[in-house]
There are 2 protein chains.
Amino acid sequence: MCGILGNRFPGGFFVVTLEDVARHAGVSLATASRVLNGSARQVGAGLRAKVEQAAAELGYRTNVAAQTLARGAGNVIGLVVHDLVDPYFAAIADGAVKAAEDHGMVVMVGTTHRDPAKEIAYVSSLGAQRARAVILAGSRMDDPSAAGLRAELDRYRAGGGRVAVVGQDLLGADTVAVANRAGAAALAEALHAMGHREFAVLAGPPRLITAVERCEGFAGALPGLSPQIIHGPFDRDGGYGAALSIDPGVTCVFAVNDVMAVGALAAFRDRGIRVPDDVSLAGFDDIATLRDLVPALTTVRLPLAEMGARAVELALSEEAGPSVVHVEGEVVIRESVRAR
Amino acid sequence: MCGILGNRFPGGFFVVTLEDVARHAGVSLATASRVLNGSARQVGAGLRAKVEQAAAELGYRTNVAAQTLARGAGNVIGLVVHDLVDPYFAAIADGAVKAAEDHGMVVMVGTTHRDPAKEIAYVSSLGAQRARAVILAGSRMDDPSAAGLRAELDRYRAGGGRVAVVGQDLLGADTVAVANRAGAAALAEALHAMGHREFAVLAGPPRLITAVERCEGFAGALPGLSPQIIHGPFDRDGGYGAALSIDPGVTCVFAVNDVMAVGALAAFRDRGIRVPDDVSLAGFDDIATLRDLVPALTTVRLPLAEMGARAVELALSEEAGPSVVHVEGEVVIRESVRAR
DNA sequence: CTGTTAGCGCATTCAG
DNA sequence: CTGAATGCGCTAACAG
C-alpha cells in the first residue's frame, strides 16, 4: 500500500513527506500544507478530511527544519543558564519550559557553568538555529568581559531574534527585573526590628551584579551601622568559606542567596556555632528544595518559576521597545533568625 | 559595502547567506560551504582564507534549519524529564547537556510533570524536529499507559532517530540501567548489620518501576523479616505523608529516594520523633543539594550527571543493537542512621 | 582542488 | 476554494 510512497533512507527508514500525503489524498501539495499546518487559508471540509486521513494512514510528521526554512522563523526558544543543578536556575528553567510549551514553542537549554565564552557560544548557536528568542538567566559580571556577549546579542538581534534577561535591566533587552535592593532592604529592616545590630554579609563576588545589589540594598537599609562584608563565590562552598571569617561580635548573618546560606549553616555547624542560638542567618531566593532545612531559613522569596515564564512571554510579545517587568521579593521570617 | 548583499526581511533585518559569502569571496557556493561547515573535503589555503574573511566581514551565520534539511539530520538531542526542579532530574539534565555539547549537539528539554500524554507529545515533537536522539529519564509506570509511548517511540525510531532511556531496560532501547535492586539490597544489609530488625519502607507508587525495584531489593535482602511497606507519591510530600503511618516498633525507615526522605524527616520533626535517636532513616540517590541536611542522610549514591552523559553517548554511538550500560549505587552511611 | 547542478520538505505567492 | 510554480539556504553528488 505504501510501496510507492516515502523515501528509503540509508538506514532503511521511511520518511513520509507532505507530497506523499498530498498524492495519497489526491490533492495538491498546497492544499495538504494548508490543512496540516496552521494556515490562515480555509480548505473545504471534504478535502480536509481526505488529507487528514491520508496523513494519519501514512504516519506523516511535519519536518520542522523544512518548515523553519520555508517560513524563515522557527519555534525554538533558547535558554542560557549557569547551572541546572543550582535550584535557582532549575526553577527558572522549569517556568520557562512551561511557558514556552503554552506558546507552542520548545526550549533549548545551554549551561555555561559561569564561563562567559560559553555564554557567547550558546547565543551564537541559538542564532544559527534561528531561535525565536533567547532568555539569559543569571547575571553577568559587571565588567568588560560582558562586551563580547553584548556584541553577540546585537548580532543575534540584527538577525531578527528577541532577547530577554532575567535579573537586571542592563542589556537594553526585555527584562524581568528583580528588586534585589528593595528585597534586601526589607529583610535588613525586619532583622533590625528584631533587635540585631551587628551584621555580616556573605556578599558573593565583588562584581556580580545580583550579589552587589543585594549586598548594597541590605547595608543601605541599616543607617549608622556598617556590616562586615565578606566576598566569595556565589555558591554553597562560597558561603561556607565566607562564614569562616565572620567577626566575633556579629549576631546576624545575611547570605546573598539561599545556597550560600546553606554553606554558611554547614560552616557554623562544623565549628559548633548554633543557629539561631548563637547567630541568626538569612538568605535570599527561597529555594523550594531547601525548605526542609533545619533551622528553616529566613529569606526573601522570589517567584522563580514565574520569572522564567514571564521572560519567555516578554520575548514572545509583539511589544516594540524593550519592556521591563518588575518582580518583588517577599521577606519570610523563619527559625534561622531569632530576636535579640 | 554591503549594499547589494543580504536580504532585507520584514522587520528590516539583514540575513547573510552562504551565497553572499561565496560571492563576496569570489568563490563558488560549494567551496564556501566546504570551508565554513565541517566538510571532509579539503580546500586550498588561499580560498579558505578568503572565504573565512568574507564570512567574518559579512557576519555570516549558518542557517541550521537549511543545513538540517539538506543533510537530512539535525544536531539536536531531546531530553524528556518529569520535573527540572526535582534535583534528581536536574542533575541528569546537567550531565546530558554537557555531554551533548561535547559532541557538538544541543539539547532540547521537555518537562512532563508526570503526564504520560505530555511525554508522548514531546517525543512526537522531537520527531518532527528530526532530533538525532531522545533521552527519556524517569521511569514510566509499569502499566498499559506506556503503550502509547512505546508506539510513539517506534514511530520516532522508524524515522531514523535513536532513543536512550535512563532507568531500566524496558523499552528495548539503549539504556543506562540503574542497579536499583542491588543498591537497595546493599543498603538493607548494611542497616541490618548495624542491628536494625524492624523496618519500614516508604515505597512510592505501587507501579512505578524504580520505586518497586528499590523496595523489592531492600525487602529481599532482609531474610526472615517483613518490613512495613507504605505506598505514596514519589516526591517530598509523598515521603511526608507516608511517614505519618509508620508502625510504632520500627527502628529504621528506608525512603526509596532522597527527596521522599526529606519529607519523612520533616514529618518526624513535626511529630517530635528524633532522627536518628528515635528512628534511623535512609534514602536513595544522594542528591547533592541535600547533602547539608541535618542529620546528614544515609543513602545510596548514584552518579546522576554521569548517567545523563552516558545516555547521550549511548544514543550517539554507532552501535548496532540496543546496548545497556549498568551503573551501580554506593551505600553511604551518614548520621541519619544509628546502630542499635 | 574547485565549480555546477540538483534537490532536501515545506510555505506561499499567483492564477484559475 | 484549489492548484501550479517558485524559492528558503544549504549539502552532496557529479563533472572539470
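One axis for each end of the helix from C:dC1-D:dG16 to C:dG16-D:dC1, each built from five base pairs, and the angle between them comes to 30° at 10° resolution.
The nearest whole Å value for the distance from the CD atom in A:Gln129 to the P atom in D:dC10 is 13 Å. Distance NZ (A:Lys50) to P (D:dC1): 17 Å, rounded to an integer number of Å. One atom, CD of B:Glu19, and another, P of C:dA6, lie 15 Å apart when rounded to the nearest Å. Rounded to an integer number of Å, the gap from CZ of B:Arg130 to C1' of C:dG9 is 9 Å. Atom CG of B:Leu58 is separated from atom P of D:dG9 by 14 Å (rounded to the nearest Å). Distance, A:Leu18 CG to D:dA5 C1': 16 Å, rounded to whole Å. Atoms CG (B:Leu47) and P (C:dC1) sit 11 Å apart, rounded to a whole Å. Nucleotide C:dC8 holds its P atom 11 Å from the CG atom of A:Asp20, rounded to whole Å.
Closest to the side chain of B:Val15, from the set D:dG9, C:dC10, D:dA12, is D:dG9. Of the candidate nucleotides C:dG3, D:dG9, C:dC10, C:dG3 has the atom nearest to the side chain of B:Thr31. Closest to the side chain of B:Arg71, from the set C:dC10, D:dA4, D:dA12, is D:dA12.
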Report the C-alpha distance between B:Gln129 and A:Asn75 in whole Å, list the side-chain angles of each, state the deciding distance to 0.1 Å, and finish with yes or no for side chain to side chain contact (heavy atoms under 4.5 Å, CB included).
CA-CA 10 Å; B:Gln129 304 278 349; A:Asn75 70 328; 3.5 Å; yes

Assess the residue pair A:Gln67 and A:Asn37 against the criterion (side chain to side chain contact (heavy atoms under 4.5 Å, CB included)); give the C-alpha distance rounded to whole Å, side-chain angles, the decisive distance to 0.1 Å, and a yes or no.
CA-CA 10 Å; A:Gln67 204 168 258; A:Asn37 307 66; 2.5 Å; yes

Would you sort out whether B:Val80 and B:Leu136 count as a side chain to side chain contact (heavy atoms under 4.5 Å, CB included), showing the intermediate values?
CA-CA 5 Å; B:Val80 182; B:Leu136 260 28; 3.8 Å; yes

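Under a cut-off of 6.0 angstrom, the local environment of CZ in B:Arg130 is crowded, with over 12 non-hydrogen atoms contributed by other residues, nucleotides or ligands.
Distance check: A:Ser124 OG to A:Lys118 NZ gives 14.5 Å after rounding to the nearest 0.5 Å. Taking CG from B:Leu29 and OG1 from B:Thr17, the interatomic distance works out to 7.5 Å, rounded to the nearest 0.5 Å.
In this model, the phosphate group of D:dC8 is not approached by any side-chain N or O of B:Asn63 to a distance below 4.0 Å at OP1 or OP2. The side chain of A:Ser28 contributes no N or O atom lying less than 4.0 Å from OP1 or OP2 of D:dT2. In terms of phosphate contacts, A:Asn37 brings no side-chain nitrogen or oxygen within less than 4.0 Å of OP1 or OP2 of C:dC10. Between B:Thr17 and D:dG9 there is no side-chain polar atom (N or O) within less than 4.0 angstrom of OP1 or OP2. Look at A:Gln67 and you'll find a side-chain N or O under 4.0 angstrom from OP1 or OP2 of C:dA11.
The residue B:Leu69 sits close to a base: some heavy atom pair falls under 4.0 Å. Using a 4.0 Å heavy-atom distance criterion, B:Leu29 is classed as a base contact.
Ranked by how close their nearest DNA chain C nucleotide is to the 5' end, B:Ala70 and B:Val27 are led by B:Val27.
A salt bridge does not link B:Lys98 to B:Asp102: none of the charged nitrogens lies less than 4.0 Å from a carboxylate oxygen.
In this structure the side chain of B:Val85 never reaches within 4.5 angstrom of the side chain of A:Leu304, judged on heavy atoms.
Between the base of D:dG3 and the side chain of A:Arg34 there is a donor-acceptor pair shorter than 3.5 Å.
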